[in-house]
Structures are given as structure tokens and as C-alpha cells.
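Working notes, structure below.
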Amino acid sequence: MNRDYSLDKVRNFGIIAHIDAGKTTTSERVLFYTGMTHKIGEVHEGETVTDWMEQERERGITITAAAITCFWNPTFMPKGAKPEYRFNIIDTPGHIDFTAEVKRSLRVLDGAVVVFDGVAGVEPQSETNWRYADDGNVPRICLINKLDRTGASFERSYASILDRLTKNAVRLQIPIGLEDKFEGVVDLLKMKAYYFEGNMGMDIKEKEIPAEYLEEAKKYRAELIEKIVEQDDEQMQMFLDGKEPEIGDLKKTLRTACLAVKIIPVMAGSALKNKGIQLVLDAVVEYLPSPLDVPPVRGLDPKTGEEIFRKASDEEPFSALAFKLQNDPFVGQLTFFRVYSGTIEAGTYIYNSTTGEKERLGRIVRLQADKREEVKRVFAGEIAAAVGLKSAKTSHTLCDEDQPIILDPIKFVAPVVSLRIEPKTKADQEKMGMALKKLSDEDPTFVVSSNSETAETIVSGMGELHLEIMVDRMKREFSVEVNVGKPQVAYRETILGTAEAEHKYIKQTGGKGQYGHVKLTIRPLEKIEEGAKIPKNTHRYEDFEFIDSIKGGVIPQEFIPAVEKGVHEAMDRGIVAGYKMVNVSCELTFGSYHDVDSSEIAYKIAASQAFQDAAKRARPVILEPIMKVDAIMPEQFMGDITGSLSGKRGQIEGMEERGMLRVIHAKVPLSEMFGYTTDIRSMTQGRGSVMMEFDHYEVVPPNVEKTIIESRK
């Protein structure tokens, strides 16, 4: 079986945005215009293809990223011709609680279409998603959507992109009319107006620009041309000499600049009113990368630890990254993977270089949201799903056993809200463990743990909605009924000072005794520059560092891991109120051993005890999660909301106008924000709303620390 589409004709991109900006509505138009569906599904009717989960259709929001494959012919190609391009698209959630879906999708995609609400412009989750795209240096196109809505303003939304996201954005189009008078768009490069007529805007009419928009179009075209020619010395010289480069040359330069994220084109449209979406697909072809345009993927050789690269080519050794697991009621567990190099066939064996295990790849499916199409083989640059892999988890590398590679893993944000859950009946108890394991495998930000002292099961996630959906999924997908406790905050502990401690663990019983002796120094963990070399004797983790400074073998090398393990366990138990400790650097400076009695368990206990003694003297404190809060309300309620946020230990950071509404930006401790959605509605006669996302951890004030310690007793 050969490849249907050459690599330069493939585009892997995601549709990302803040909640309610119109991502799913845009995805449905894409499916319709590419011929994958014959009827457009609407979010408000609960009939969309990409929002296929019951919970998504009930709430009208996207919860899980849906992958779809479709085929596209640029707009003015002859009708009926074989589609020239193949799109692998992921429609991602916009709600902050499901941010892991966006993070992992952007890790495996080559480009993104960022959708903005034409009334609200840049919103909190737009900024978070933008930051994820920046982290991966992902080329983007912006679509200012919903220009048919009352209060829509293309210019205000465009200004918010320049102000809050990037100075590299430039208008590629401007709208013709706004709100109920929004008719079409002006292409500033071609200087033509486009109108979307006929059934569902299928007939695109190219006309001259209406006289009242001509001056505006000329002004913005000059800005666009100037921005493009700045990227090319030859074209810049032509421009300075008063000549304009050919449109074809300008497009080539614009493509190069888009791939380098030096220019981000901004387009206009209304997905709901079927205007402008086909031209966005044309822009995806023209300005977003194919797998050949992105740098070779970087990884490490598991045997030597050396850096190696794989180019996007079918001839290279096979390498792929598993980026998502999903439980399918019909075929069992699906493992989504992106192929970076080489090809793989169903029925062959696949090597998981992260775990060192080998598995048979039974079936491969290509996804259309919740529908599956079986394929015999997948090629470089494609996204597919494997059925029935047992050991593969999110972030694992799948590759050729003879030429192994470990690709960079996806880093996820730590969960901030916890709930206590217990099964309702004995039958539920047996099923609950399996359901929790499957859900936590699927979503790395959903963490399951148990409190050893109280024997309670604790689930942690990104927010109240995230945990509510997970409990709902347990009930519907796994038939598990649970009782749920109150939400709890994921506090952390750390130290502000330096201290050292020494501990000898000696136990003499009949026969062989136990002997372990360590001396530790602990201090706050210092941040290091990305890419900085870490010394050989240092084990560095995200929020912990262990330094082995033992000289002359006073503690034999085989006992050092036991010392580190003992420190880890002491950190997990906490010092002040039993919360996990973070941001600690621990140095093992001295110790001794006994030829007969020394053992791993003795060193583990000694290290744990020494760490606790040192931590008590190193000014231990409790940290609490601080949320970035955006409260949106009509002007007359601003005083009430500002007062209520200040009363919740919030810091007001700024205010802005958003059409007829006002937005208050604040930083507020999470512990004060439970149930605030209901509070703000009651304070604003149902007209206010609040958006929250995790921002950082901060030391809690002494009076609050006292309350937390009391409650933990």
C-alpha cells in the first residue's frame, strides 16, 4: 500500500481558542466544505461531529480533543477535481480545566488556527493556548470569528491580539460590514472582495471592493506589503525603489515568514453564518507548514544518551509519539500517535523505547471524531490510533527496535483541586479502581492517590468542572456510582531557609542488625536556565534536586539511591501539615557504613529522619495555588464584584471595557473561589461570569496557615 498524498500536500493543524469563541462551529464548517459531512451540525442543537461525547453535547462545550481527517481543493480549482491536500485536524477544548488536551495536541501538530470571538477579542484561555503554541514555536493563522454578533469589532479584536499576544500579527483580510450587516471579506493581497452565497455559503463570488471600503483597504494593504517585504532584502529594495513585487513572490515570502513565526496573518469571518471559512482553509494550504517544513524531530538514543534527529520521511527509521489514550466502548483502548518518520504496518511488532517493551500492533485506525476507518499502514507525517496496545501511555515513544529513539515527553501542569470519593456499594468498589485507572491513563492531569492514614481515595484535577465531568464519566461509561466529598485545595509545602541534619539509624536485634548514617543539607531550589548542563552527581527533577557529594566512599554507591528514596518519601509526607513538599534542593554531604549491618532500608529510614529534622529548622511554609481570575459583568455591578474579590484576599490587577461589559483582572487564592460562579451570578442578576486558570503558588499568610494546620488535625 502506497501513500495517497505526498508529504508536501499534508497539513497537520489544530483549531484552538478560548471557550465559546467558535472552534467547534468552525470545525463543523471545515468538515462540510471538505465533503466529509453532508449536513452541518450545530453546537446549540447538540449534533456536532467533533463534540461527540454526551457530556459535550449536553453542556455545549468541548471536553476532549477530536481528531478528523479530510481533503481539500483550494477554492477556485475546477469543481469535481480530486482534492489536492490532506488535512489532519484536531479540534481542542477551550475551557481551562481541559487545558491538557490543548497542550498535548500542539505538541504533535505542525500549525494552528487560533479562533477569537469578534466581540471579546483576546480572552484568558486565548493567552494560555498562545503560550503553549509559543513554547512549541508553532506557526499560526488567526481567525476573528463571530463578526455577525452585536457588538463585534474586527479592529478592537485585532488591537487586542497586538496588545496582549504578539506584535507580529498583520491583517490579511478586513470585513465588509459588521454585526447584522456583515456580508463578506476583502483580501488585501489580491485587493478583491469575496461574498459567500448559495447553500451554506458554498458559492464564493469574487467582486470589486465596494467604494466605501477602498481607502481603508489601500491603507491596510500598504501595512501588509511593508510587513512582508521587511522579511526579504531584495523585495525590500524593490519596495524602496517604488516598485511592488509580484503577488506570487509576496506570497512565497509571507509563507517563509509564517513558518518562522515572524508574521501571523489575521483573517475575518463568521463560522455560524458560513462566511470566510473556505478562505481560511486556503490560507492553511498557503501559510501553514507541511511535515517537510518543520525541523527534524529531536530525541535521545536510549543506549548512549546522545541527541539524534529524525527527518519527516518514509525512508527513515520508524518513530512516533503516543500523545493521547481514549477508551472506546467498541474496540477497547485507543492509543493516538503521530508518526514523525518511517512507516508502520498493522500486524507488525512495535517497540516502546520509554518502557523497553515490545508489542504487536494489531489494528490501526484513522479517526473521524468517534468514527473509525481501518487502515493497513501509516506513513511519516500522519496521525492515527492503535487498537489494544497494553503498555503505551501518553508521552511514550514508539519506534524501530533496531534504531531506538526517545522523543521529548509532553510536560503537563500539576492538578490544583482535589475531591474525596468513595464507592456507593460493594459492587461499585471493585469497578471503581478499574475506572479510575483508565481515566487517569487517558488524562495525565487527572491524578488518583490514596491517603494512607484515612484510607480515602483522593482524585485531583484542574478545576471543579474537570472533576465533575470525570465523576459523570465514571457513572455513564463504567457504571460506577460514587459519593463525592467537598473540593479540597492542593496545597504544597516548601522551605525558605537552609539547614543541615544528621541521623544514625542503628537497630541491634539477634543476628544481623541495621545500620545507616547520613548527613544532609537542604536549601530552597534555585531555578536553572533551560539547556544548562547539570553536574553528574546531581539528579534534577521538576521541583526537587538531589546532590550526591559523598567523597572517598564513606557511604557505598549502592546505598545512595536508598538515601534519595528516603528523602522523596519524607517530602511526600510533608512537615507542616502533611502536604507534599516542593522546590527543595537536598545535598548528601557525609555519612558512614557498617560492613555487615548496613542495608538499603536502614539508609532510607536515616535519610527520611534527617530530612524531617532539617526541614523543621529550615523555615517550612505552606504554599497555596493562586488563580488568574477574569470576572465579566455589566458596569453597574463593578463595585460589588471588586469588593467581593478584595474580600477573598484577591489582588485587583486591572480593568478593561469589552463592548457593553466590563472585565476585572485579579489574582485570587483558589481556596476562596469555590462556588464563586454561583455567587457572581446572584450578585449580577445572572448577567456576570467568571473565568479562572491556575497562575502560580504563593506562601499562605500566617493566620490562614494556622487554620489549615488546625483542619488537618
d(Ile161 CD1, Cys142 SG) to nearest 0.5 Å is 4.5 Å

### Query
With under 30° as parallel and over 60° as perpendicular, where do the rings of Phe336 and Phe323 fit, or are they tilted in between?
perpendicular

Check: Within the distance-only criterion (no hydrogens, no angle test), does the side chain of Asn145 pair as donor or acceptor with the backbone N or O of Ala271 below 3.5 angstrom?
Finding: yes

### Query
So, are Arg156 and Glu657 salt-bridged, with charged N and O less than 4.0 Å apart?
no

Using salt bridge (Lys or Arg N to Asp or Glu O under 4.0 Å), reason through Arg573 and Glu493 one step at a time and then give a plain yes or no. CA-CA 10 Å; Arg573 285 197 297 273; Glu493 294 180 19; over 6 Å; no

Interatomic distance, CG@Asp630 vs CE@Met655, rounded to 0.5 Å, equals 12.0 Å

Mark yes when over 12 heavy atoms from residues, nucleotides or ligands other than Glu653 sit less than 6.0 Å from its CD; otherwise mark no. yes

Review point. Counting distance only, does the side-chain N/O of Ser440 pair as donor-acceptor with the main-chain N or O of Val448 below 3.5 Å?
Key: no

When rounded to the nearest 0.5 Å, the distance separating NZ of Lys324 from OG1 of Thr335 is 11.5 Å

### Message
Do Cys586 and Phe544 make a side-chain contact, defined as non-hydrogen atoms from C-beta onward lying under 4.5 Å apart?
### Response
yes

- Message: Using ring centroids (six-membered ring only for Trp), state whether His396 and Phe337 fall under 6.0 Å.
- Response: no

Worksheet item: Hey, are the side chains of Lys146 and Val119 touching, using non-hydrogen atoms and a 4.5 Å cut-off?
Response: no

In terms of heavy-atom contacts, Ala490 and Tyr697 come closest through O-OH, 2.7 Å

Tightest non-hydrogen contact, residues Ser671 and Arg649, listed as OG-NH2, 3.5 Å

- Message: Quick check against the 3.5 Å criterion: does Lys628 have a side-chain atom that pairs as donor or acceptor with the backbone of Asp695?
- Response: no

task = Measure from the side-chain N and O atoms of Arg140 to the backbone N and O of Val138, and report whether any donor-acceptor pair falls under 3.5 Å.
result = yes

Thr538 side-chain N/O to Arg540 backbone N/O, donor-acceptor pair under 3.5 Å
no

Practice prompt. Would you sort out whether Arg338 and Asp110 count as a salt bridge (Lys or Arg N to Asp or Glu O under 4.0 Å), showing the intermediate values?
Written response: CA-CA 11 Å; Arg338 155 79 196 257; Asp110 303 326; 3.0 Å; yes

Is there side-chain contact between Val482 and Lys475, with at least one heavy-atom pair below 4.5 Å? no

query = Under the 3.5 angstrom rule, does the side chain of Asn583 hit a backbone N or O of Thr494 as a donor-acceptor pair?
reply = no

Q | Lys/Arg N to Asp/Glu carboxylate O, Glu442 vs Arg473, below 4.0 Å | A | yes

In this structure, CG of Leu162 is separated from CD1 of Ile264 (nearest 0.5 Å) by 10.5 Å

*asked:* Taking Gly118's backbone N and O only, do any of them form a donor-acceptor pair with Ser157's side chain (distance below 3.5 Å, no angle check)?
replied: yes

Report task. Answer yes or no: is there a side-chain heavy-atom contact under 4.5 Å between Ile575 and Gln612? Result -> yes

Exercise for review: Carefully, step by step, assess Asp117 and Arg149 under the rule salt bridge (Lys or Arg N to Asp or Glu O under 4.0 Å).
Suggested key: CA-CA 9 Å; Asp117 183 325; Arg149 271 185 67 194; 2.7 Å; yes

Salt bridge check: are Glu587 and Arg523 linked by an N-O gap of less than 4.0 Å? yes

Here the gap from Ile522 atom CD1 to Ile495 atom CD1, rounded to the nearest 0.5 Å, amounts to 4.0 Å

Note: Phe546 and Val567 closest approach over all heavy atoms is CE1-CG2, 4.5 Å

*Establish, from distance only, whether the side-chain atoms of His466 and Asp443 form a donor-acceptor pair under 3.5 Å.*
yes

- So with a 6.0 Å cut-off around NZ of Lys565, is the heavy-atom count from everything else above 12? no

*Side chain Thr397, main chain Leu407, donor-acceptor under 3.5 Å*: yes

Checking Val122, Ile144, Leu165 against Ser160 for side-chain contact (heavy atoms from CB on, under 4.5 Å), the one that qualifies is Val122

Report yes or no: does Thr707 contribute a side-chain atom to a donor-acceptor pair with the main-chain N or O of Asn703 at less than 3.5 Å? yes

Separation between CG (Leu645) and CG (Asp679), nearest 0.5 Å, reads 10.5 Å

**Request:** Answer yes when Asp543 and Arg492 have at least one side-chain N-carboxylate O distance shorter than 4.0 Å, and no when they do not.
**Result:** no

Checking Thr498, Leu496, Val584 against Pro524 for side-chain contact (heavy atoms from CB on, under 4.5 Å), the one that qualifies is Thr498

Q.
Any heavy-atom pair between the side chains of Lys616 and Phe611 that's under 4.5 Å?
A. no

All heavy atoms of Leu288 vs all of Pro139, minimum pair found to be CD2-O, 3.7 Å

Open item on the list: Run the side-chain contact (heavy atoms from CB on, under 4.5 Å) test on Ile383 and Leu109 for me, step by step, so that the C-alpha distance in whole Å, both residues' side-chain angles and the decisive distance to 0.1 Å come before the verdict.
Closed with: CA-CA 9 Å; Ile383 291 171; Leu109 293 168; 3.9 Å; yes

Strictly by modelled atom types, are His539 and Glu545 linked by a side-chain donor-acceptor pair under 3.5 Å? no

Mark yes or no for whether Tyr579, through its side chain, and Asp572, through its backbone, hold a donor-acceptor pair below 3.5 Å. no

Do Tyr340 and Leu321 touch side chain to side chain, with heavy atoms closer than 4.5 Å?
yes

How about Ser644 and Met683: do any of their side-chain heavy atoms sit closer than 4.5 Å?
yes

Practice item. State, yes or no, whether a side-chain contact exists between Leu300 and Arg298 at a heavy-atom distance under 4.5 Å. Key: yes

